[in-house]
Amino acid sequence: MTSPPQVPLRRVLPNIPFVARNPIKYFSRYVKDYGADFLLAIGGSRLTHFTVNADVIQHVLQRNHKNYHKSVIQTRDLARYLGHGLLTNNGEPWLTQRRLIQPGFHRKRLASLVTEMQAVINRCCTGLDQVATSGEATSLHGLTTDLVFRVIARAIFTDGFNDEETKELNEAIDAVQGYVIYPVRMPFLRGPLRWIGQERKHLQITTEVRARIQLRIEDRRAGEPKDDLLQMLLDSRYEDSGEPMEDQQLVDEIMILFAAGHETSANALAWTLWLLDQHPEVREKIRAEIAVVETEGPVGFKSARKLTYLTQVIEESMRMYPPAWITDRVALTDDQAGGYNISSGTSIAVFIHGLHHNPEYWDSPESFRPERMSAAAKKTRHPMCYLPFGAGPRLCIGNHFAMLEMQLILVRLLRDYDFVFPEDAGTVGKKALITLQMDREVKVNLRKR
Ligand code: HEM
């Protein structure tokens, strides 16, 4: 057993400012030069084992997951703003919450949320009709974020927020998510950000969002039960004590569902629409598939499963542009994986983007080929070389929810609108914040079909 090769400091130090700006480019270069596993002193100091090796990842996330916890970046830095819930806890507190919340996200349970999802999408499309009529270009990211935020807000609170409140909530959560990356990626900014009042400002925003959520919870308790995620959280009881969740925990979990559940899907949708502009033949093939499925009625929970090609396209889009492009773990005790020693305390960076572009598993990884996501093709690959939703016990709890909402949204958008992208859209690049975004705002014109 050996240690992976280490990227020499003479190479790391001059790159520090550039890595912070474009981490994917630099991490990918290191993969090319040093292999699927390498050690990198992030920021010149935090030594981290980077991996795009499916065997190592399988060991860390699945086979020996008990030996690996999330790092303080998630459990302390993110938790300061989002609270202590599913995404940001470790060990026993995480497991207790996961057991409690999991049933609410069971695929079958989603069937009852579809009507609400459809209602939200219909309403948003009325707004998009106006955009199309006006002839004005609209922000692609704004469009997809607005849609999915409304979907998740409605799935949690069916009786919840009106349009204005939803917009304010979306802006508040986006502001916090946009901010937290700075102190995480550039720890030396922590002091200055505090001194200039940015930290206080963003903590204040989260306090206000929490207060709004708390009010909605109280309204619900005083009113009628509903068939939504809030009700599921309110009605669930801990196995051992038979008690419900404390309010503070409830608010934390709702904050986390909002945060984890909208930017990811919004980015996946934006990248997919963009890819379809670059590959019109794929777009037309999807439209033909939708037309066939719709001969049996509007696409719903059951018929969405028949949209196999659309599903492959979404999956291939998330291979090329994984919204959650990296995650981390820390080893609790000495361990070994894929022929490497991993000593206690080692940080592991699971570089999902790098894994999805690793030529060991993907032929021509930079080409967009939805066929590689067919059931037959999947069987020929390593089970852990494609992880848009993570893997093991901490697999994304919202994966079925996300796939369903993306299918329903794309069906409606592709059926009803042509998206006219600007001439230079082909040069859009990646911007890796907490999720993987486009490196500039793309404005599209909508034309009603
Ligand atoms: C395209 C959309 C999405 C992507 C790509 C995505 C990706 C991921 C990934 C990779 C993880 C695992 C992180 C890790 O192991 O460190 C995760 C966890 C999580 N996701 Fe998602 N997600 C998406 C949508 C959603 C939605 C819609 C929700 C909620 C409605 C959600 C809620 C969560 C939660 C609560 C966790 C933490 C689970 C746990 O640790 O037990 N996600 N997601």
Side-chain angles (χ1 to χ4, degrees), residues 117 121 124-125 128 138-152 261-290 293 299 304-325 352-353 356-357 362 365-374 386-389 396 398-422 425-432 435-446 449:
M117 283 188 186
I121 297 169
C124 286
C125 285
L128 291 183
T138 189
S139 152
L140 178 63
H141 182 254
L143 184 155
T144 59
T145 310
D146 184 56
L147 259 163
V148 296
F149 193 84
R150 284 170 196 277
V151 170
I152 184 79
H262 91 287
E263 212 179 83
T264 40
S265 313
N267 289 330
L269 279 173
W271 283 114
T272 306
L273 287 165
W274 176 80
L275 278 164
L276 293 179
D277 179 61
Q278 309 287 308
H279 301 272
E281 70 294 348
V282 174
R283 186 186 59 215
E284 294 316 311
K285 207 170 151 184
I286 299 175
R287 281 181 170 154
E289 183 182 67
I290 296 172
V293 174
V299 176
R305 295 193 107 158
K306 297 187 185 157
L307 296 162
T308 42
Y309 188 64
L310 172 65
T311 309
Q312 283 174 223
V313 168
I314 299 172
E315 288 175 344
E316 173 69 346
S317 159
M318 289 196 293
R319 180 191 67 80
M320 294 188 75
Y321 300 96
W325 60 278
I352 296 175
H353 182 283
H356 287 188
H357 291 253
W362 307 98
E366 301 314 318
S367 310
F368 174 62
R369 293 185 188 161
E371 312 76 51
R372 37 171 140 231
M373 293 299 168
S374 71
Y386 178 67
L387 303 179
F389 293 111
C396 174
N399 60 347
H400 296 309
F401 182 103
M403 285 308 290
L404 187 61
E405 86 176 325
M406 291 192 287
Q407 287 166 328
L408 295 178
I409 290 173
L410 284 169
V411 162
R412 187 62 192 265
L413 292 182
L414 292 173
R415 194 194 65 194
D416 289 2
Y417 306 98
D418 278 321
F419 281 70
V420 185
F421 279 74
T427 59
V428 165
K430 301 167 198 171
K431 182 160 107 190
T435 59
L436 185 60
Q437 310 196 352
M438 295 181 173
D439 64 355
R440 60 172 198 262
E441 181 169 66
V442 174
K443 291 214 157 192
V444 287
N445 278 96
L446 297 192
R449 295 183 75 220

Note, M320 side chain near H356 side chain (heavy atom, < 4.5 Å)
no

Those residues that, when tested against E316, pass side chain to side chain donor-acceptor pair (under 3.5 Å) (two or more places apart):
R319, R372

Under 3.5 Å, is there a donor-acceptor pair between the side chain of S317 and the main chain of V313?
no

Give a yes or no on whether R440 atom CZ has more than 12 heavy-atom contacts from other residues, nucleotides or ligands under 6.0 Å away.
yes

Rounded at 0.5 Å granularity, tell me how far CZ in F421 sits from CG in L273.
6.0 Å

Are M117 and F401 packed together at the side-chain level, in the sense that at least one heavy-atom pair is separated by less than 4.5 angstrom?
yes

Which atom pair, heavy atoms only, marks the closest approach of A324 to P388?
CB-O, 4.4 Å

Taking only residues two or more places apart in sequence or in another chain, which ones pass side-chain contact (heavy atoms from CB on, under 4.5 Å) with K306?
V293, E296

Can you give me the closest heavy-atom contact between K431 and D439, atom names plus distance?
CB-CA, 3.8 Å

Rounded to the nearest 0.5 Å, the CZ atom of F389 sits from the NE2 atom of H400 at a distance of 9.0 Å

Mind checking the OG1-CG spacing from T145 to N267? Nearest 0.5 Å is all I need.
7.0 Å

With sequence neighbours excluded, what pairs up with A304 under the side-chain contact (heavy atoms from CB on, under 4.5 Å) test?
V299, L404, Q407

List the residues meeting side-chain contact (heavy atoms from CB on, under 4.5 Å) with S139, not counting sequence neighbours, and say none if there are none.
H141, E441

Can you name the nearest heavy-atom pair linking Y417 to C125, along with the distance?
OH-O, 3.0 Å

So, for M406 and A268, which heavy atoms are closest and what is the spacing to 0.1 Å?
SD-CB, 3.6 Å

Which atoms form the tightest heavy-atom contact between C124 and R150, and what is the distance?
SG-CD, 3.5 Å

Please identify which of these residues, L310, T272, L276, meets the side-chain contact (heavy atoms from CB on, under 4.5 Å) condition with V282.
L276

Please examine the side chains of M373 and Y386, heavy atoms only from C-beta on, and report whether any two atoms are closer than 4.5 Å.
yes

Please examine the side chains of L446 and F419, heavy atoms only from C-beta on, and report whether any two atoms are closer than 4.5 Å.
yes

Check whether any side-chain heavy atom of L143 lies under 4.5 Å from a side-chain heavy atom of L269, and answer yes or no.
no

Heavy-atom distance under 4.5 Å between the side chains of M403 and M318, does that happen here?
yes

W271 side-chain N/O to P323 backbone N/O, donor-acceptor pair under 3.5 Å:
no

Which residue pairs pass the salt bridge (charged side-chain N to carboxylate O under 4.0 Å, His left out) test with at least one member in residues 263-283, sequence neighbours excluded?
none

List for me each residue that meets ring pair (Phe, Tyr, Trp, His ring centres under 6.0 Å) alongside F368, sequence neighbours excluded, and say none if there are none.
H279

Flag the pair L147 / L413 as yes when at least one side-chain heavy-atom distance between them is below 4.5 Å, and no otherwise.
yes

